[in-house]
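Notes to accompany the following structure.
Whatever order the structure lists ligands and atoms in, that order sets their numbers, starting from 1.
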Amino acid sequence: MRTRPERSRDPTAGASTFRIRLAVAGDAPRLAWIRTVTWRAAYAAIMGSHALERVGKRDGERMRRAVADQRGGRRVWLVEDDEGTAFGYVWLGPQTDRALGKAGPFFGEVYELYLHPHWQRRGAGTALLVHAIWDLINAGLGPVMLWVLGENGARHFYEGVGGVCFGSRRIEFGGRTMTKFAYGWHEQLPLPR
Ligand SMILES: CC(C)(COP(=O)(O)OP(=O)(O)OC[C@H]1O[C@@H](n2cnc3c(N)ncnc32)[C@H](O)[C@@H]1OP(=O)(O)O)[C@@H](O)C(=O)NCCC(=O)NCCS
């Protein structure tokens with residue numbers, strides 16, 4: 001899928017067009033780097049740099065496993081620019097938390113969605129999320145849900161793409177207690193591009 005962003009605040013930086021494709025084993029190191037850089041930028045203020053340092057060290061192995069694991073329709077889609085340089089990804093698959101059944105049921109989940117900071121706010125995140133939602137639905141894994149930290153501005157992003165908050169949970173991370181929120185797509189489905 002080749003998509004032209006609807007807006008670009010700085011046309012001299014970042015991707016002008018982008019393409020979404022399935023990630024393969026050789027993409028794992030690049031995806032790990034995107035995850036590490038994006039986490040540092042997005043979560044340093046929320047979680048503290050010490051906790052992030054520890055998480056970053058495990059990103060290589062994490063993304064290698066994510067790309068290799070295709071059980072139940074799990075997969076990773078990446079977004080890349082005209083030169084084939086990947087700058088974001090979405091990891092999705094079956095929703096496995098049985099405790100969520102009462103609110104749903106939700107059969108599909110977006111596990112992770114990360115855009116390198118340099119390429120954020122250019123429409124690629126919306127394109128990846130919409131692609132992920134419809135990929136899960138077409139694989140028989142709809143409705144779709146995901147989790148997002150309460151302190152994360154991405155909550156507004158998900159609401160803008162039609163997500164509806166239906167629950168919350170307290171979690172511990174790096175010695176801190178935080179709240180994460182569940183968003184679902186039942187009826188207000190974003191139109192595929
Ligand atoms: C959240 C994220 C995936 C969004 O992707 P993106 O390509 O930057 O977003 P888009 O350009 O498609 O944004 C569309 C709209 O969503 C809203 N939005 C996007 N990111 C936002 C943020 N951090 N805070 C508030 N609103 C946001 C805005 O209304 C935006 O429109 P605008 O740029 O015209 O104001 C991306 O910014 C990202 O990876 N952020 C850091 C990591 C993260 O939080 N991931 C989600 C974890 S659950």
Side-chain angles (χ1 to χ4, degrees), residues 1-11 13-20 23 30-49 51-52 55-56 59 62-63 66 76-81 85-93 95 97 100 106 108-136 144-171 173-174 178-185 188-193:
M1 180 174 109
R2 184 164 285 273
T3 311
R4 184 168 291 279
E6 283 161 7
R7 57 194 173 277
S8 177
R9 296 218 170 87
D10 177 7
S16 57
T17 59
F18 48 81
R19 192 172 75 100
I20 295 171
R30 174 77 185 177
L31 300 183
W33 176 78
I34 292 169
R35 187 177 198 276
T36 303
V37 173
T38 308
W39 264 62
R40 281 198 192 126
Y43 298 136
I46 303 173
M47 299 180 178
S49 51
L52 289 184
V55 173
D59 282 346
R62 182 186 182 87
M63 294 318 297
V76 179
W77 292 93
L78 62 75
V79 58
E80 62 187 9
D81 68 12
T85 304
F87 61 87
Y89 70 87
V90 61
W91 179 18
L92 51 84
Q95 198 283 117
D97 185 340
L100 280 177
F106 293 93
E109 179 171 348
V110 173
Y111 306 134
E112 294 189 357
L113 172 62
Y114 293 121
L115 271 280
H116 185 285
H118 184 70
W119 284 277
Q120 288 174 13
R121 307 296 283 259
R122 295 166 185 279
T126 300
L128 258 187
L129 178 61
V130 173
H131 183 85
I133 290 170
W134 283 100
D135 186 46
L136 284 163
V144 175
M145 61 80 58
L146 55 75
W147 291 101
V148 57
L149 279 179
E151 291 91 340
N152 192 340
R155 288 186 68 182
H156 305 293
F157 163 73
Y158 293 126
E159 284 160 10
V161 188
V164 176
C165 184
F166 65 89
S168 66
R169 197 173 282 172
R170 303 289 280 171
I171 54 162
F173 190 91
M178 288 172 269
T179 306
K180 64 178 184 176
F181 291 87
Y183 278 79
W185 281 262
Q188 289 174 272
L189 290 174
L191 290 176
R193 296 185 175 203

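Listed by atom number, the atoms of ligand 1 under 4.0 Å from Gly125 heavy atoms are 5 (O), 6 (P), 7 (O), 12 (O). The distance from ligand 1 to the heavy atoms of Gly153 drops below 4.0 Å at these ligand atoms: 22 (C), 23 (N), 24 (N), 25 (C), 26 (N). Using a 4.0 Å cut-off to heavy atoms of Thr126, the atoms of ligand 1 that qualify are 10 (P), 12 (O), 13 (O), 14 (C). Interface of Asn152 with ligand 1, defined as ligand atoms under 4.0 Å from a residue heavy atom, comprises 43 (C), 44 (O), 47 (C). If you number the atoms of ligand 1 from 1 as listed, the ones under 4.0 Å from a heavy atom of Ala124 come out as 7 (O).
Here Tyr111 has no heavy atoms under 4.0 Å from ligand 1, in either its backbone or its side chain. Contacts with ligand 1 closer than 4.0 Å are made by side-chain heavy atoms of Thr38 only, the backbone lying farther away. Residue contacts with ligand 1 for Arg122 involve N, CA, C or O but no side-chain atom from C-beta outward (heavy atoms, distance under 4.0 Å).
Between Leu115 and ligand 1, an N or O atom pair is found at a separation short of 3.5 Å.
A salt bridge does not link Arg30 to Glu80: none of the charged side-chain nitrogens sits closer than 4.0 Å to a carboxylate oxygen.
Looking at Arg155 and Cys165, their side chains come closer than 4.5 Å, going by heavy atoms from C-beta outward. Considering only heavy atoms from C-beta on, Ile34 stays 4.5 Å or farther from Leu78 through its side chain.
Residue nearest to atom 26 (N) of ligand 1, selected from Gln120, His156, Arg35: His156 (by heavy-atom distance). The residue among Ala154, Ala127, Gly88 with a heavy atom at the shortest distance from atom 1 (C) of ligand 1 is Ala154. Between Tyr158, Phe157, Trp147, Trp39, it is Tyr158 that holds the heavy atom closest to atom 46 (C) of ligand 1.
In terms of modelled atom types and a separation under 3.5 Å, the side chain of Trp134 and the main chain of Pro190 share a donor-acceptor contact. In this structure a side-chain-to-backbone donor-acceptor pair under 3.5 Å is missing from Gln95 to Glu109.
Each of Trp147, Phe166, Tyr183 was evaluated against Phe106; a single residue qualifies, Phe166, per the ring pair (Phe, Tyr, Trp, His ring centres under 6.0 Å) test.
The distance between the ring centers of Phe181 and Tyr158 does not fall below 6.0 angstrom.
Taking the six-membered ring for Trp and thresholds of 30 and 60 degrees, Tyr89 and Tyr114 have ring planes more than 60 degrees apart, a perpendicular arrangement.
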